[in-house]
> 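First, the structure itself, so that you have it in front of you.
None of these values were measured; they are calculated from a predicted model.
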Amino acid sequence: KYNRMIRYISFHRQIASSIQRTCPLLPSLVTRNIIPNTRLNHTVPTEDVHSIKSVEDGEKDTTAYTVKHQLRGKRISPWHSIPLFANREHNVFFYVNEMPKGTNAKMEISTTQEFNPIKQDIKNDQLRYIKHGKLMYNYGALPQTWEDPSHTNPDTKCPGDNDPLDVVEIGAATAVRGHIYKVKVLGAYALIDEGETDWKVIAISLDDPKAKLVNDIHDVDMHFPGVLETIKEWYRVYKVVDGKKPNTYGFHGRALNREYTLKIINECHDSWLSLQANKASSKFALQS
């Protein structure tokens, strides 16, 4: 029954996407109404997200350190249990912070460990740190999204990177690792990292004093001068210190607008729904 529901939602999303491609001038509200407003049975209700607690476990800078999520004492997954949409009508999303600005420990949601805790990446049996320097902006992930490596984006000509969508949050406050924030999506960069599409969604916390001033990517340069170029250059060269070539970008390095970014987010949400429908054959930890 659960899998039939997932397939039902995915099918209707595909119909809506097809209509939008065929009739681009059709208001998004029309196609949005085609998509069932069905909440998956393991998804935390939007009104309960504020009750989710992030709990640190283990000593920092060790392999034992994790950040786990709980709701009323029960473990939940930050990838699968937290809803993507905080307010779908107004395009407000939840994002989970993995790396506050000013840090360089490479922390991320573990897609393969039970309940998907946030933990430090390990490479060659060593805890991974970003040698290029500490992050200048908060960094995290959009829950209930997945960049499907079997899908090649027609615009970037590269497959997805097999992870949830990344978020670069440009607000003034330093986020707390594991905390969940409501954000307004402004645009994105199509980073190409080792032949994979690694979208960097640009967003701002609704709590930021300037959040009401920015609604699309063109507003960022006006109210946050230099931020977009800083982000683009940082992710272009941050692996060079490790002996790797600079990353490249799709769209000739242009920052993409909100409309295109929302399309990518919805596509990655659809991919996540498909992942849920095929959980029996998945290598990921899909418990929630």
Side-chain angles (χ1 to χ4, degrees), residues 84 91 93 95-101 103-104 106-109 130 132-143 145-149 151-172 175 181 183-205 208 210-211 214-242 244-269 271:
L84 170 62
N91 293 312
F93 300 87
Y95 109 96
V96 182
N97 180 268
E98 298 166 308
M99 297 179 63
K101 61 182 176 180
T103 66
N104 71 330
K106 186 66 174 72
M107 306 291 297
E108 57 188 21
I109 291 172
I130 298 177
H132 181 68
K134 295 181 178 180
L135 295 188
M136 301 178 69
Y137 306 100
N138 297 310
Y139 189 82
L142 288 178
T145 62
W146 179 51
E147 297 189 60
D148 185 353
H151 170 70
T152 298
N153 181 276
D155 295 320
T156 66
K157 306 295 191 296
C158 293
D161 75 346
N162 209 26
D163 281 320
L165 276 171
D166 296 328
V167 175
V168 181
E169 194 275 306
I170 63 173
Y181 299 88
V183 294
K184 181 190 294 187
V185 166
L186 305 173
Y189 278 116
L191 182 72
I192 308 301
D193 187 345
E194 298 184 27
E196 296 176 332
T197 304
D198 185 9
W199 299 101
K200 301 301 181 190
V201 175
I202 311 299
I204 188 167
S205 170
D208 191 85
K210 291 187 177 181
V214 286
N215 296 293
D216 211 325
I217 201 68
H218 58 78
D219 297 321
V220 177
D221 276 334
M222 181 182 302
H223 298 285
F224 295 85
V227 165
L228 290 178
E229 280 299 316
T230 299
I231 292 170
K232 182 170 73 171
E233 182 63 11
W234 203 95
Y235 286 101
R236 188 182 74 85
V237 302
Y238 82 105
K239 289 186 176 181
V240 172
V241 69
D242 296 315
K244 297 183 178 181
K245 294 181 179 179
N247 290 324
T248 59
Y249 286 94
F251 299 89
H252 305 287
R254 176 167 54 88
L256 304 168
N257 64 18
R258 186 183 73 161
E259 181 180 8
Y260 185 92
T261 304
L262 293 177
K263 180 174 79 75
I264 293 300
I265 292 173
N266 279 290
E267 287 178 358
C268 290
H269 183 53
S271 295

> If the test is ring pair (Phe, Tyr, Trp, His ring centres under 6.0 Å), which one of W199, Y249, Y235 qualifies with Y189?
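Only match with Y189 under ring pair (Phe, Tyr, Trp, His ring centres under 6.0 Å): Y249.
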> Decide yes or no on side-chain contact (heavy atoms from CB on, under 4.5 Å) for I170 and L186, but give the supporting numbers first.
CA-CA 10 Å; I170 63 173; L186 305 173; 4.1 Å; yes
> At what distance, to the nearest 0.5 angstrom, does CZ of F251 lie from CG of D155?
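Taking CZ in F251 and CG in D155, the distance rounds to 4.0 Å.
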> Let me know which of F93, Y139, Y95 forms a side chain to side chain contact (heavy atoms under 4.5 Å, CB included) with V167.
Y95
> Do L165 and I265 have side chains that approach each other closer than 4.5 Å (heavy atoms only, starting at C-beta)?
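They are in side-chain contact.
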> Measure the CG-CD1 distance between N215 and I204 for me, rounded to the nearest 0.5 Å.
10.0 Å
> Under the side-chain contact (heavy atoms from CB on, under 4.5 Å) criterion, do H132 and V240 qualify, and how do the steps go?
CA-CA 8 Å; H132 181 68; V240 172; over 6 Å; no
> For a quick test of reading the model, state the closest non-hydrogen atom pair linking I217 to G187 and the distance between them.
CD1-CA, 3.9 Å
> Nearest 0.5 angstrom please: K210 NZ to M222 CE, how far?
12.0 Å
> Sequence neighbours excluded, which residues qualify as side chain to side chain contact (heavy atoms under 4.5 Å, CB included) partners of D198?
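Residues passing side chain to side chain contact (heavy atoms under 4.5 Å, CB included) with D198: E147, D161, D166, L191, D193, K200.
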> For the pair E98 (side chain) and I109 (backbone), establish whether a donor and an acceptor sit closer than 3.5 Å, ignoring hydrogens and angles.
yes
> Considering non-hydrogen atoms only, spot the tightest contact between A175 and P100 and give its length.
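Closest approach of A175 to P100, heavy atoms only: O-CB, 3.2 Å.
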> Strictly distance-based, threshold 3.5 Å: is any side-chain N or O of T103 a donor or acceptor partner for the main-chain N or O of M99?
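Flag not set: sc T103 to bb M99 has no pair under 3.5 Å.
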> Kindly say whether D148 contributes a backbone atom to a donor-acceptor pair with the side chain of S271 at under 3.5 angstrom?
no
> Determine whether K263 and E259 satisfy the following criterion, salt bridge (charged side-chain N to carboxylate O under 4.0 Å, His left out), listing intermediate values before the conclusion.
CA-CA 7 Å; K263 180 174 79 75; E259 181 180 8; over 6 Å; no
> Where the side chain of T261 meets the backbone of A188, is there a donor-acceptor pair that is under 3.5 Å apart?
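Side chain of T261 to backbone of A188: a pair is present.
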> Short question: side chain of E169, backbone of S205 - any donor-acceptor pair under 3.5 Å?
yes
> Any donor-acceptor pair under 3.5 Å linking the side chain of D216 with the backbone of N257?
no
> Between N138 and G171, what is the shortest heavy-atom contact and its length?
ND2-O, 4.5 Å
> One pair to check against side-chain contact (heavy atoms from CB on, under 4.5 Å): V168 and W234. What are the steps and the verdict?
CA-CA 12 Å; V168 181; W234 203 95; over 6 Å; no
> How many angstroms lie between CG in N162 and CH2 in W146, if you round to the nearest 0.5 Å?
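That separation rounds to 6.0 Å.
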> Enter the distance from I202:CD1 to I231:CD1 here, rounded to the nearest 0.5 Å.
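Between I202 CD1 and I231 CD1, I get 4.0 Å after rounding to 0.5 Å.
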> Distance from H151 atom NE2 to T197 atom OG1, nearest 0.5 Å?
8.5 Å
> Going by side chain to side chain contact (heavy atoms under 4.5 Å, CB included), name the residues that satisfy it together with T152, two or more places apart in sequence or in a different chain.
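Partners of T152 by the side chain to side chain contact (heavy atoms under 4.5 Å, CB included) criterion, ordered by chain and then number, come out as P159.
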> For K184 and V214, indicate whether the former's side chain and the latter's backbone hold a donor-acceptor pair under 3.5 Å.
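Such a contact is found between K184 side chain and V214 backbone.
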> Is there a donor-acceptor pair under 3.5 Å between the side chain of K157 and the backbone N or O of P154?
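Pair found, side chain donor or acceptor close to backbone of P154.
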> Taking only residues two or more places apart in sequence or in another chain, which ones pass side chain to side chain contact (heavy atoms under 4.5 Å, CB included) with E229?
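Checked E229 against side chain to side chain contact (heavy atoms under 4.5 Å, CB included); matches are K232.
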> Do K101 side-chain atoms and A172 backbone N/O form a donor-acceptor pair below 3.5 Å?
yes
